[in-house]
2 protein chains.
Amino acid sequence: MAPSPETPQDPAPIGRSGSYSKGVARRKEILDRALEVFRERGPEGTSLRRVAEEIGVSHGALLHYFRSREQLLLALYEHTETHRQEQRAEAEHAESEDPGAVEAMISAARVNVHSPGYVQLYSTLVAGALEERNPEARQFFTERFERVREAAVQRLRRQQESGEIRADLDVDKLAALIVAASDGLQTQWLLDSDIDLEGSLRMVEDLLRP
Amino acid sequence: MAPSPETPQDPAPIGRSGSYSKGVARRKEILDRALEVFRERGPEGTSLRRVAEEIGVSHGALLHYFRSREQLLLALYEHTETHRQEQRAEAEHAESEDPGAVEAMISAARVNVHSPGYVQLYSTLVAGALEERNPEARQFFTERFERVREAAVQRLRRQQESGEIRADLDVDKLAALIVAASDGLQTQWLLDSDIDLEGSLRMVEDLLRP
DNA sequence: GTCTATACTCGGATAGAC
DNA sequence: GTCTATCCGAGTATAGAC
């Protein structure tokens with residue numbers, strides 16, 4: 001839910017090993033086909049076996065490239081997120097002004113509001129990452145949160161220097177808070193669309209002013 | 001808690017003739033035994049069938065009282081939450097002063113920090129509730145969020161009247177924000193214990209002062 | 001390394017016995 | 001209403017064929 005502005009980074013494929021070779025290409029091919037299936041049917045009701053059948057491989061073969069269904073969904077999420085970031089980077093480039101930390105979260109959240117499936121997938125994967133037995137998902141989201149927070153810190157620092165927000169606040173704590181608020185509000189909004197997601201976030205912007 | 005009497009899912013919906021009581025009692029008996037199994041083994045690796053076997057019923061029988069594994073986990077969560085609230089109510093009664101909205105979230109979060117399994121269960125169930133196909137879990141958490149927000153609103157109003165916090169802020173938006181921040185920060189903390197959960201929440205307290 | 005075959009347990013739905 | 005028996009498709013682990 002907080003696919004907020006991150007510093008663009010090289011795509012390091014999530015699952016298997018380092019050798020960039022034929023296997024990676026095959027993996028990518030399978031992933032592309034799988035993405036298509038998910039796009040048509042949605043991830044929710046689509047089983048590993050269905051996907052495998054649909055793209056013409058055995059489910060065992062699919063599992064050879066993605067160690068688990070969760071890994072496949074993680075790759076799906078990562079792909080979508082990357083795509084969004086590229087779009088955002090473009091849009092941002094078009095504008096002359098850099099958005100503030102809160103503003104950036106708002107614009108990200110505004111997009112999410114139109115694709116609840118994405119937020120839901122995010123929520124599922126994060127919940128899975130909290131479990132002890134999913135170390136890879138855990139690492140993925142730990143690093144993702146770090147990146148998102150760090151991006152927020154950069155913006156906050158700039159805003160402090162320009163006098164846009166209070167200079168006496170700890171930017172690290174503040175960054176964690178803003179990311180948390182954005183995530184949590186999106187969850188509440190999905191359960192109750194009366195929640196004023198943007199309004200609540202704007203309130204934070206208000207509170208930060210000197 | 002909800003004004004409604006206990007169990008959100010009644011095994012005897014419309015059947016008019018007599019004895020709800022027996023089925024309800026049996027259900028409660030099974031739940032108690034199941035809670036014990038979860039306490040020993042933890043919910044994570046414990047399958048429906050394991051639980052059923054452990055307490056001496058067929059898994060079919062278990063599913064007769066809890067329509068799904070998720071329902072069983074929901075009952076587990078509800079039971080634990082109720083127990084905690086009772087404890088908190090006592091502790092609160094012992095103190096002379098009512099805590100503020102943020103303070104209340106902090107003390108709740110402080111407890112959670114010592115039982116990560118509980119937070120993880122919460123996270124899993126919330127993620128499940130976001131899916132279309134789980135209307136009961138969805139309703140449960142929709143109502144829960146409403147109650148939690150409403151409780152925060154009450155505290156915020158009192159704090160506004162006493163001049164403890166700014167009076168010009170919309171308490172509804174603020175309540176949603178505080179709940180969101182608390183949830184989101186706990187998630188981040190579970191993935192990275194360097195996160196200063198309490199510090200970030202205290203910052204909110206700070207921002208709200210007139 | 002890539003993939004097939006197989007088997008296991010899982011959550012869940014069904015039908016029918018009491 | 002309570003429960004057993006049974007079946008299905010799911011995710012996943014393993015062995016071994018190529």
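A note on names: the letters A, B, ... follow the listed sequences, proteins ahead of strands, and every chain is numbered from 1.
- In the displayed structure, E92(B) atom CD is contacted under 6.0 Å by more than 12 heavy atoms of other residues, nucleotides or ligands.
- From one end of the helix from dG1(C)-dC18(D) to dC18(C)-dG1(D) to the other, with five pairs defining each end axis, the axis direction shifts by 0° (rounded to 10°).
- In this structure F141(A) satisfies the ring-ring contact (aromatic ring centres under 6.0 Å, His included) test together with Y77(A), Y122(A), sequence neighbours excluded.
- Rounded to whole Å, atom C1' of dG1(D) lies 16 Å from atom CZ of F66(B).
- A side-chain donor-acceptor contact under 3.5 Å links R27(A) to the backbone of Y65(A).
- In this structure Q154(B) satisfies the side chain to side chain donor-acceptor pair (under 3.5 Å) test together with E150(B), sequence neighbours excluded.
- Rounded to the nearest 0.5 Å, atoms CG (L125(A)) and CG (L130(A)) are 11.0 Å apart.
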Original post:
Could you run down nucleotides 2-14 of chain C 5' to 3' and tag each one B, S or - for protein heavy-atom contact under 4.0 Å?
Top reply: BBB-BB--BBB--
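- One atom, CG of L62(A), and another, P of dG1(C), lie 18 Å apart when rounded to the nearest Å.
- Contacts of E86(B) classified as salt bridge (charged side-chain N to carboxylate O under 4.0 Å, His left out), with partners at least two apart in sequence or in another chain: none.
- In this structure, S107(B) contributes its side chain and A104(B) its backbone to a donor-acceptor pair below 3.5 Å.
- R33(B) meets the salt bridge (charged side-chain N to carboxylate O under 4.0 Å, His left out) test with no other residue; sequence neighbours excluded.
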